[in-house]
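Data block below; observations after.
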There are 2 protein chains.
Amino acid sequence: MARTQGSHSDITGPRIRAAALGLFARHGFAAVSMRQIAGAVGVQAGALYNYTPDKQTLLYELMRGHLNDLLAARAAEMPGADPMARLENFTRFHIRFHIERPDEVFIAYMELRNLEPANFTEIERLRRAYEDELETILRDGVKSGVFAVSDPRIVTYAVIAMLNGVNTWYRAGGRLSLEEVEALYWDMVRKSVSA
Amino acid sequence: MARTQGSHSDITGPRIRAAALGLFARHGFAAVSMRQIAGAVGVQAGALYNYTPDKQTLLYELMRGHLNDLLAARAAEMPGADPMARLENFTRFHIRFHIERPDEVFIAYMELRNLEPANFTEIERLRRAYEDELETILRDGVKSGVFAVSDPRIVTYAVIAMLNGVNTWYRAGGRLSLEEVEALYWDMVRKSVSA
DNA sequence: AGTTTAACTGAACAAGTGTTCAAATCAAAC
DNA sequence: GTTTGATTTGAACACTTGTTCAGTTAAACT
C-alpha cells in the first residue's frame with residue numbers, strides 16, 4: 001500500500017469541505033456547482049468524488065458535523081444547578097458558539113429544504129436535542145418559580161430565534177466586544193422569562 | 001386594440017407571481033426553474049416573459065411588493081402616543097402581518113443573496129425603514145424612562161429576530177390562537193426591554 | 001366579415017448541471 | 001529503481017438552465 005502518508009487526501013478533504021462551506025453560505029447550496037467548489041480548491045470536479053459520494057451528502061455532512069460539534073461543545077459545559085445560572089450559561093454559550101461559526105450556522109438553518117427527507121430527519125433530530133436543553137431549563141425554572149413562561153416550547157423557539165439573530169449583524173472586530181454582546185443578550189433573555 | 005377585456009393577461013400575471021412565490025418559498029429561488037413556474041400556471045415557459053423581463057426581476061418584484069405592503073400596512077396603524085403602547089402595537093402588528101404571509105416573509109429573508117446588488121440595496125432600504133420604526137419607539141421609551149435598553153439598534157435586531165421566529169413553528173389552525181400568540185410574544189417583548 | 005393585436009406556443013440556442021471513468025500522474029514502499 | 005496504488009485529470013454523458021422569437025390562436029374592434 002503506497003502513499004498512506006504524505007498523501008494529498010488528508011489535505012484535499014478538509015479543503016473541499018471548507019470551500020463548500022464558504023460557497024454554500026455565500027450563494028446557497030443550489031446556486032453553487034461542483035465545478036465552483038473544485039475551482040476554489042484548485043482541482044478538477046471529478047476529484048471531489050473521492051471525498052463525497054455526491055453533492056447532497058457534502059451538504060449533509062457539513063450540517064451534521066456542525067450540529068455534532070454544537071452538541072459536543074454543549075455537553076462539555078458545566079452549568080450550575082439552579083435554572084437561572086443554567087439559563088445564563090446556555091445563553092452565553094449559544095452566543096459564543098454561534099458567533100464563531102457564521103457560515104455553519106447560516107447553512108444549518110437556510111439549507112434544510114435542500115436535504116433529502118432522510119437527511120432532513122436526522123438534522124432535525126440533532127437540532128431538537130439541542131433545543132430540548134433550553135426547554136428543560138425553562139421548565140425547571142417555572143417549577144422553582146424563578147421563570148414566568150406560559151408555554152416553554154414556544155418560548156424556547158422565541159429565545160433561540162432572538163439569539164440566532166446575532167449573526168445577522170455581528171461582525172468580528174466590530175463596535176461591540178464578545179463580552180458586551182453576551183451581556184446584552186443575557187440581559188434581554190433574563191428579563192423576558194423572569195417571573 | 002383587441003382583447004383588452006377578456007384577456008388572460010390580468011389573470012395570468014397574478015397566477016405567475018403566486019406560483020413563483022410558493023415555489024421559491026418551498027424550494028428556494030435557485031432551485032426553481034422557469035419551466036416549473038410555467039408548469040404550475042399551466043403555460044409554456046416562454047409565456048412568462050410577457051410578465052417579467054427575467055427571473056431575477058420576478059424575485060425582486062415579489063420582495064419589493066411584500067415590503068411595500070408591510071410599510072403601507074404599518075403606516076395605516078394608529079398607535080398611541082406613549083412608547084409602551086406603541087411597542088405593543090408594533091409587536092402585535094408584526095406578529096399578525098407576518099403570520100398571514102409565511103411565504104413572502106420567508107422569501108424576503110432567505111433570498112436576499114440572490115438579488116443583484118442594485119435590487120439588494122433597494123430591498124435593504126425598505127427593510128431598514130421598517131426596522132427604524134421599532135428603533136425609534138425604543139429610543140423614545142429610553143428617553144421617557146420606561147425602557148432599559150443599552151443599545152437600541154441591536155435590541156431592534158433582537159426583537160425582530162424573536163418575532164420573526166413565529167414563522168418557524170406557527171401553523172394556521174394549530175394549538176394556539178392568533179390572540180394567544182400575540183399575547184405570548186408581547187409578554188416577552190415587554191419584559192425584555194422594560195426598565 | 002374582416003382586421004387587429006394581445007397572448008401564447010413550441011422549438012431552438014448556447015451554456016451549464018451532477019456524475020462517471022479510463023487514463024495519466026505521483027510519491028511512498030519495497 | 002522499480003513497483004504499487006492512492007490521487008487527479010480531462011473528456012464524455014445525458015439532461016437542465018434562462019431566454020429568444022417566428023409563428024399560431026382567438027377575442028374585441030370596425
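Hydrogens, waters and symmetry mates are skipped; everything else that's a heavy atom, side chains included, is used. Bear in mind the structure is a predicted one, so any value in this text is a computation, not a measurement. Naming convention: chains lettered A, B, ... in sequence-line order (proteins, then strands); numbering from 1 in each chain.
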Inspect the contact between A:R26 and A:D103 and indicate whether a charged nitrogen and a carboxylate oxygen are less than 4.0 angstrom apart.
no
Pairs under 3.5 Å (Watson-Crick or G-U), crossing ones as [ ], inter-strand ones as |: DNA chain D comes out as ||||||||||||||||||||||||||||||
Are the aromatic rings of B:H94 and B:Y130 close, with centres under 6.0 Å apart?
yes
Quick tally for nucleotides 10-21 of chain C: nucleotides whose base has a protein heavy atom under 4.0 Å get B, sugar-phosphate-only ones S, the rest -, giving B-B----BBBB-
Residues two or more places apart in sequence or in another chain: which of them pass salt bridge (Lys or Arg N to Asp or Glu O under 4.0 Å) with A:E182?
A:R92, A:R96
Across all chains, not counting sequence neighbours, the salt bridge (Lys or Arg N to Asp or Glu O under 4.0 Å) partners of A:R190 are A:D187
Restricting to pairs with a member in residues 77-86 of chain B, which pass side chain to side chain donor-acceptor pair (under 3.5 Å), not counting sequence neighbours?
B:E77-B:N89, B:R86-B:D140
With A:T156 via side-chain contact (heavy atoms from CB on, under 4.5 Å) - residues at least two apart
A:E131, A:L134, A:E135, A:L138, A:I160
OP1 or OP2 of C:dA7 under 4.0 Å from side-chain N/O of B:T12
no
What is the distance, to the nearest angstrom, from the CZ atom on A:R15 to the C1' atom on D:dT8?
14 Å
Donor-acceptor contact present, side-chain B:S177 to main-chain B:E180, <3.5 Å
yes
Is a donor from one side chain sitting under 3.5 angstrom from an acceptor on the other, for A:E111 and A:N114?
yes
